[in-house]
Amino acid sequence: MSGEEKENPLTKIFSPRTVAVIGASRTPMKIGHETLKNVLVQGFKGKVYPVNPNADEILGLKCYPSIKLVPDEVDLAIITVPAKVVLKVVRECAEKKVKGVVIITSGFGEMGEEGKELERQILDVAKKGNVRILGPNTMGFKNATEDLDAGFVFGMPYKGPIALVSQSGALCIGMIHLAVMEKLGLSKVIGVGNKSDIDDADLIEYLDSDPATKVIAMYIEGIKDGKKFLKVARRCRKPIVAIKAGKTEAGAKAASSHTGAMAGEDKIYDATFRQAGIIRAGGINELFDYARALAYQPVPKGDGIGIVSNGGGAAILLADFLVENGLRVPELSPKTVRRLKEILPEIITPRNPVDLVGDAGFFRYEASSRLLLEDENIDGIIITCVHAGYARPREYAGAVMKLVREIKEKKLEKPILSCWIGGQEINEVVEDLKADKIPVYPSTTRAVKAMVALVREGMQCRRANPHTF
Ligand code: ACO
C-alpha cells in the first residue's frame, strides 16, 4: 500500500488484533465451540475472548457474560448464538464499538419474509453503531496469510496469492480442500452468506488493497447492487474470475432458498461481467484453472501463441482450439526458423506448432521452447507432454521449470502454460510442476481456456494502462 493510500475499512475486520466469539459453547462439536477452537489452533497472534453468560471458562480461556464486559477493544466478534438472540448481541457489539461481526447463524433472509425483517433490523442497529456485518448465514472467513481461522469448519489452505470469495459455505470448504490437493495457495477465503451488509463489491475493494492477494476468485449466486458491483469491479487493478450460479430457473430457485439470493437474468450478469472485465468461469475447475494461470504467470502483450509438443495430435488440437477461441497461432520469424533448423533433426519441420516427435529429450524440448519465447511473433507458449512410449516426462518437466524460472528472472511478459496428457504414471511429475507453481492442465481445451483468460486480462491491462503495457 502506498503512503497516500488509505487503509481499507475492512482490513481491521479481516486482520483483527482482538477476536471475541459470542456464543462460544462448552460442548465440543457445537458450532460455537468449534469456532473458538479454530481461532485458537491456527496460531492467531492476537487476543481471543469467549463470550457466554452460562460459562466461566472455555478451552482454558476466561469467559465473559457479555461482549460489553470484555476488558479490551474488540475488532472482530464472531456470532454463533441462535437467530432469536442475534439482534440483542449485535446491539451490544454496537455499544462496545466492535468494528465488525461475522454472523454464522442461519435463519434469516433465506427463510422468507420474517427472516428478512429480522435481518433488516440487525443491519439497522449495526449501521447506526458503525459495525460491519459479514453474513448472516456464513461459514465465516479464513485469513491464511495471518493464520486466522474465523469459521466453524476446520481446514486451512496453503498460503498463496488467490483470494476466494464464496456465497456458499459448504462449497467454499470443498474448494479449500480441492485447492490443497491442487497445490494452489490462497490468501483469504471469505464466505459471504446472505450479504446483508458486506457484499461482493466491498470485498473486491478490500482484496484489491490486500498486498497478499494477486487474483480474486468468486462463486456468486446473486448480486444485490449491480451498479456498485460494476463500478468497483471496473476499478479493481487485479484480475477477477467468477462463477455465476443460478443460470436456469431450477438453479435460481435453489439459490433463493440457499442464501436468499435473487439470481436474476443470466444475460445481464454476462454483460455486467464483460463490462467489468471479469473472466467468467463455468465451474470450479475452470475457476481454479484461470486463477492458477493469472496468479503464477505474466499476462501476454498480444495474442500470438506458440505451441511445442512431443505429440502431433495434441499440437493440432491446441492450434484448432486457440484459433476457435480468437487467438492466433502465428508463423515463426525467419530467424527462429533458421535457429530451429540448427537444433532439430531433419525430419522435423521448423514451424509453429513445433512437433518435436516421439523421441524428444530435455535439450530438444528446452531449446526449441526457448527459441519460440524469443520470437517477436510469439506472446506466450503452451508446452505439451503426451505420455507416449518414448516420452521423457521428467526431462520435459525439468525443461519447463527451467524456462519458467528464466522468464521470471528476466521479467519477460510471456506466459508459459503446460499441458500434460497421460495417466497415473505421469502424475508424480505433474504434482512436482504444481508444487513449483507451474500452471499445468490435463487437457488441450483446459490449457487453451487458461491461455484465453491470460490474453483477455492482458488486453484489459493495456486498455487500463496504455503506457505501461
Ligand atoms: N451470548 C453469548 N452466548 C450465549 C448467549 C448470549 N446472549 N445466549 C446463549 N449463549 C450460548 C449458549 O449457552 C450456548 O453455549 P453452551 O453450549 O455452552 O450452553 C451457545 O451460546 C450456543 O447456543 P445454543 O442455544 O446451544 O445454540 P446452538 O449451538 O444449538 O445453535 C447456531 C446456534 C449454531 C448459531 C444455530 O442457530 C445455527 O444457525 N446453525 C446453522 C449455522 C450455519 O449453518 N451457518 C451458515 C452455513 S454456511 C453458508 O454459507 C450457507
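Quick note: numbers below take in every heavy atom, side chains included, and nothing from hydrogens, waters or symmetry partners. In each ligand, atom 1 is the first atom listed, and ligand 1 is the first ligand listed. Everything numeric in this text was worked out from a predicted model, so none of it was measured.
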Can you check whether [X] reaches [Y] side chain to side chain, under 4.5 Å on heavy atoms?
X	Y	answer
Val189	Met139	yes
Val81	Val86	yes
Arg235	Glu205	yes
Ile67	Val74	yes

Quick one: does [X] get within less than 4.0 Å of ligand 1, heavy atoms only?
X	value
Pro53	yes
Gly191	no
Ser106	yes

Under 3.5 Å between any N/O of [X] and any N/O of ligand 1: does that happen in this structure?
X	answer
Ser168	no
Asn52	yes
Thr80	no
Ala170	no
Gly169	yes

Report the C-alpha distance between Ile220 and Phe229 in whole Å, list the side-chain angles of each, state the deciding distance to 0.1 Å, and finish with yes or no for side chain to side chain contact (heavy atoms under 4.5 Å, CB included). CA-CA 12 Å; Ile220 297 170; Phe229 180 85; 4.3 Å; yes
Measure from atom 12 (C) of ligand 1 to every heavy atom in Ile67, Asn54, Ile104 and give the option owning the shortest one. Asn54
Just to be sure I read this right, does ligand 1 sit under 4.0 Å from the backbone of [X], its side chain, both, or neither, counting only heavy atoms?
X	value
Val81	both
Val85	side chain
Arg26	both
Asn137	both
Ile58	neither

Lys/Arg N to Asp/Glu carboxylate O, [X] vs [Y], below 4.0 Å:
X	Y	answer
Asp197	Lys127	no
Asp75	Lys12	no
Glu92	Lys88	yes

Mark up the atoms of ligand 1 that fall under 4.0 Å of a heavy atom belonging to Ile22, in ascending order. 1 (N), 2 (C)
Asp200 and side-chain hydrogen bond (donor to acceptor under 3.5 Å, both in side chains): which partner among Lys228, Gln167, Lys195? Lys195
Pair Glu110-Asn194, side-chain donor/acceptor within less than 3.5 Å: yes
